[in-house]
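See below for the structure under consideration.
Keep in mind that this is a model prediction, so the values were computed, not measured.
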Amino acid sequence: MAKRTVSVFFGGRSPEHDVSIVTALQVMSALDADSYDVLPVYLATNGSWWTGDILRERSTYLPSAAEFDKLTQVTLDMTASGRPGLVAQQSGLFRKAQRFDFDVALPSFHGLIGEDGQIQGTFEAAGVPYTGMRTMASAILMDKVATKRMLAGTDVDILPYREIRRPNEGLMVTPGELEEILGDFPGPWCVKPSHLGSSIGVARAETLQEISDVLPAIFKFDTSAILEPFVENMIEYNVAVSKYGASKDGGDVGTSAIERPKRSSELLDFKEKYLSGGGSKKTGSKTPGQSSEGMLSLTRELNPQLPQGLENKIREMAVTAFDTVGGTGAPRIDFIGNEVTGEIWLNEVNPCPGSFGYFLWEAMTGSSVLFTDLLDGLIREALDEAARARIPADPTPTDARLFSRRG
């Protein structure tokens with residue numbers, strides 16, 4: 001079979017711009033070179049699109065003016081027929097604009113204007129096969145309020161909440177205004193942005209004044225904040241979900257290994273021990289299925305020992321959330337719980353998790369899925385989804401045509 005060209009899109013106008021670059025570099029390194037050629041497409045912080053071989057090198061970031069001179073600024077060909085392509089924005093007076101064809105888009109964005117359905121909608125309008133969650137699912141799941149509303153009628157447990165929207169003018173919401181919004185919703189509260197990830201802007205508040213104090217920092221990047229009860233004795237669990245990533249034929253929905261992110265106190269212990277010269281650091285093994293070794297295991301525990309019935313509950317709620325939005329891709333679904341009472345709730349869904357959550361698939365007991373195979377499955381799913389969604393070149397039914405078609 002002829003090699004396909006995979007265009008990896010990353011960067012963007014998001015607070016998580018830099019994290020997206022790291023993910024994309026990992027993806028480009030992990031793609032099977034025998035099966036795919038890679039076309040990197042970097043979206044700068046101002047929204048401009050660039051391509052060039054130096055974008056595959058970590059030392060390029062963030063590009064300097066001299067490095068941008070080595071790149072080609074491009075835009076997406078929106079003609080929804082034929083092979084997808086990028087077109088150079090500048091060409092000579094008597095020269096046709098340079099074109100870069102590809103077969104599949106692999107978006108590696110995190111956060112706003114990339115992970116939230118905007119780029120997915122652009123790809124669909126242009127007829128571009130793309131990996132990951134579809135437009136609707138991306139938009140809903142990147143909105144924590146919309147996610148709760150969607151899951152309210154399912155068997156997935158969620159915390160009660162209130163939404164606080166950014167004012168039309170300024171960034172301040174007074175304690176008096178908050179009292180009206182919250183009513184009898186008791187504290188302490190966890191305050192966080194509705195649309196951002198990577199723990200950006202998350203804070204604990206015990207008074208209305210404290211909520212008022214933290215909101216401007218959130219509203220600088222987001223249009224709304226979500227307020228939930230602060231969970232005592234908090235413990236976190238994350239699991240990834242996929243169809244094609246977890247199987248060779250896109251069959252039943254599969255779930256990855258479960259991870260337990262370590263608490264701040266545990267991370268502090270590591271910092272004191274390893275960064276003060278009190279111990280020797282391990283280096284991670286590249287052996288399949290051994291991602292829990294080395295540095296990775298210092299920030300999280302993979303395949304933790306769980307209380308009776310909790311593992312099945314986490315997996316069942318994750319699959320339900322995935323199915324509810326017609327899931328595709330390999331999102332990571334995050335849960336929080338009270339370790340003392342045993343209660344657990346779905347916290348949020350990451351349509352495109354950092355590093356695509358590859359280590360969760362590699363750590364599966366007895367059925368490890370390597371990062372290369374995960375990406376291959378997502379690419380196959382992208383092509384299948386595009387074929388399923390394909391419409392005729394002229395989508396207007398014959399009996400609905402008001403104008404003649406001229407050859």
Side-chain angles (χ1 to χ4, degrees), residues 115-117 120 131-161 163 190 192 194-195 197 226 228-229 231 234-247 249-261 302-304 306-339 341-354 356-358 360-361 363-365 367 369 374 377-378 381 384-385 388:
E115 193 181 2
D116 58 358
Q120 290 78 7
T131 62
M133 306 210 82
R134 303 298 92 183
T135 301
M136 182 196 73
S138 298
I140 290 175
L141 297 175
M142 275 297 293
D143 183 325
K144 296 178 180 65
V145 174
T147 299
K148 286 179 178 288
R149 290 171 179 163
M150 176 196 70
L151 295 175
T154 71
D155 293 331
V156 177
D157 295 330
I158 55 175
L159 286 166
Y161 69 97
E163 181 182 18
C190 181
K192 53 190 175 183
S194 292
H195 304 94
I226 185 171
E228 297 172 333
V231 176
M234 191 175 75
I235 190 164
E236 301 176 67
Y237 299 106
N238 305 328
V239 66
V241 187
S242 186
K243 289 184 289 188
Y244 282 70
S247 67
D249 57 1
D252 295 337
V253 176
T255 54
S256 71
I258 293 173
E259 68 169 344
R260 181 187 71 81
L302 293 165
N303 298 306
L306 298 176
Q308 179 82 23
L310 183 58
E311 178 178 349
N312 286 341
K313 185 171 184 178
I314 289 172
R315 296 189 187 280
E316 287 170 3
M317 287 198 290
V319 170
T320 296
F322 183 82
D323 284 340
T324 301
V325 291
T328 53
R332 192 191 74 226
I333 302 181
D334 300 349
F335 297 84
I336 56 174
N338 185 319
E339 191 172 19
T341 66
E343 297 170 286
I344 192 162
W345 305 271
L346 186 144
N347 185 36
E348 63 182 34
V349 181
N350 297 267
C352 182
F356 277 65
Y358 76 88
L360 295 175
W361 298 101
M364 292 171 62
T365 304
S367 55
V369 178
L374 174 66
L378 297 180
E381 180 180 50
D384 287 350
E385 288 291 321
R388 189 177 297 116

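Closest approach of Gly337 and Val231 over heavy atoms only: O-CG1, 3.7 Å. Heavy atoms only, all atoms of each residue included: Pro229 and Pro160 are closest at CD-O, 3.2 Å. Closest heavy-atom contact between Ala321 and Ile333: CB-CD1, 4.2 Å. Heavy atoms only, all atoms of each residue included: Pro353 and Gly357 are closest at CG-N, 4.0 Å. Contact between Ile258 and Glu311 at its shortest, heavy atoms only, is CD1-CG, 3.8 Å. Closest approach of Trp361 to Gly254, counting heavy atoms only: CH2-O, 3.7 Å.
For Thr135, the side chain to side chain donor-acceptor pair (under 3.5 Å) criterion is met by Glu124, not counting sequence neighbours.
The OG1 atom of Thr320 lies 13.5 Å from the CZ atom of Arg315; values are rounded to the nearest 0.5 Å. Interatomic distance, CG of Leu306 versus CZ of Arg260, reported as 10.0 Å (0.5 Å rounding). We find the CG-CD1 distance between Leu346 and Ile336 to be 9.0 Å, quoted to the nearest 0.5 Å. The structure places CG of Asp384 at 3.5 Å from OH of Tyr244, a figure rounded to the nearest 0.5 Å. Atom NZ of Lys243 and atom CG of Leu378 lie 11.5 Å apart (nearest 0.5 Å). Separation of atoms CG (Asn350) and CE (Met133) is listed at 11.0 Å; rounding is to 0.5 Å.
Contact of the Met317 side chain with the Asp157 side chain is registered, since non-hydrogen atoms from C-beta on lie closer than 4.5 Å. Residues Leu159 and Lys148 are in side-chain contact: their nearest non-hydrogen atoms beyond the backbone lie under 4.5 Å apart. Contact of the Val239 side chain with the Phe335 side chain is registered, since non-hydrogen atoms from C-beta on lie closer than 4.5 Å. Within the 4.5 Å cutoff, the side chain of Asn238 has heavy atoms near those of the Pro261 side chain.
Across Asp143, Thr324, Val349, Val156, a single residue satisfies side chain to side chain contact (heavy atoms under 4.5 Å, CB included) together with Met150, and that is Thr324. Among Arg149, Lys144, Lys192, the single residue meeting the salt bridge (charged side-chain N to carboxylate O under 4.0 Å, His left out) criterion with Glu163 is Arg149.
Side-chain atoms of Glu339 do not come within 3.5 Å of backbone N or O of Ile235 as any donor-acceptor pair. A distance-only check finds a donor-acceptor pair linking the side chain of Thr147 to the backbone of Ile140 [under 3.5 Å]. Glu236 places no side-chain N or O within 3.5 Å of a backbone atom of Asp334 that could act as its donor or acceptor partner. In this structure, Thr328 contributes its side chain and Gly132 its backbone to a donor-acceptor pair below 3.5 Å.
A salt bridge links Arg388 to Glu385: one of the charged nitrogens lies within less than 4.0 Å of a carboxylate oxygen.
Using modelled atom types, one finds no donor on one side chain facing an acceptor on the other under 3.5 Å when comparing Asn338 with Glu343.
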